[in-house]
Amino acid sequence: MPDAIDGVYTRIYRCIKCIPEGKVATYGQIAKLIDASGARQVGYALSATPAELDIPWHRVINAKGEISQRSDGLADSEQYARLLAEGVVANKTGRISLLQYRWQPSPEDFLVDEEIDDEFWRDQPGVG
DNA sequence: CTTTTGACGCGTA
DNA sequence: CTACGCGCCAAAA
């Protein structure tokens, strides 16, 4: 249990909080949005997600449109159940269509190479 | 200080 | 479609 939530993980958590209901994002997408070191770091952050933070972790899937399996094996059904409740449905192949459900955070106003300023976060719901 | 541990992405064959 | 390799790094022990 981490008693302090600081550093890169905080940015990851903030970014995931911005994912709207009914949309999903990939690990690599989150990583690029916040200029993290890579998609892995996003996964590592999610593995250490504190329960007290209300983070929609279920909206983060891998680049294949599938739900990544956790070490304890708990959340694969849990995650998909949460997505179903938001209207995110997998196709025949058991994968989620990224073309249909991928979250696109105003690509015109958002520059990946620059730091995320407060303006970006101010426009997003659920971010304090 | 060092070592271990991971919810990944992408190119290539 | 599968398999493999490499890149990448924070946090906890």
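Protein chains get the first letters and strands the later ones, always in sequence-line order, with residue 1 at the start of each. Side chains included, hydrogens not; waters and symmetry mates left out as well; all remaining heavy atoms used.
With sequence neighbours left out, the side-chain contact (heavy atoms from CB on, under 4.5 Å) criterion links Asp54(A) to no other residue. Residues passing the side-chain contact (heavy atoms from CB on, under 4.5 Å) test with Ala90(A), sequence neighbours excluded: Tyr80(A), Ile96(A). The salt bridge (charged side-chain N to carboxylate O under 4.0 Å, His left out) test applied to Arg82(A) returns Glu78(A), not counting sequence neighbours. Remark: Glu21(A) pairs with no residue by the salt bridge (charged side-chain N to carboxylate O under 4.0 Å, His left out) rule, at least two apart or across chains. By the side-chain contact (heavy atoms from CB on, under 4.5 Å) test, Ala45(A) pairs with Tyr9(A), Ile12(A), Tyr13(A), sequence neighbours left out.
Tyr44(A) has its OH atom 17 Å from the P atom of dA13(C), to the nearest Å. Rounded to whole angstrom, the span from the CD1 atom of Ile34(A) across to the C1' atom of dA10(C) amounts to 12 Å. A straight line from CD1 of Ile16(A) to P of dA7(B) spans 15 Å, rounded to a whole angstrom. Taking atom CD1 of residue Ile19(A) and atom P of nucleotide dA7(B), one finds them 19 Å apart after rounding to whole Å. The nearest whole Å value for the distance from the CD atom in Glu78(A) to the P atom in dA7(B) is 17 Å. dT5(B) atom C1' lies 16 Å from atom CG of Leu46(A), rounded to whole Å. Spacing between atom CD1 of Ile12(A) and atom P of dA10(C) amounts to 10 Å, rounded to whole angstrom units. Between Tyr80(A) atom OH and dA7(B) atom C1' the separation is 18 Å, expressed in whole Å.
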Protein-nucleotides 9-11 of chain B N/O pairs under 3.5 Å:
unit_1, atom_1, unit_2, atom_2, d
dG9(B), OP1, Ala63(A), N, 2.8
dG9(B), OP2, Ala63(A), N, 2.9

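Backbone-only contact: Arg95(A) has heavy atoms under 4.0 Å from sugar-phosphate atoms and none from a base. Using a 4.0 Å heavy-atom criterion, one finds that Gly43(A) contacts the bases of the nucleic acid, with or without backbone contacts as well.
Between the side chain of Gln79(A) and the backbone N or O of Val60(A), at least one donor-acceptor pair lies under 3.5 Å.
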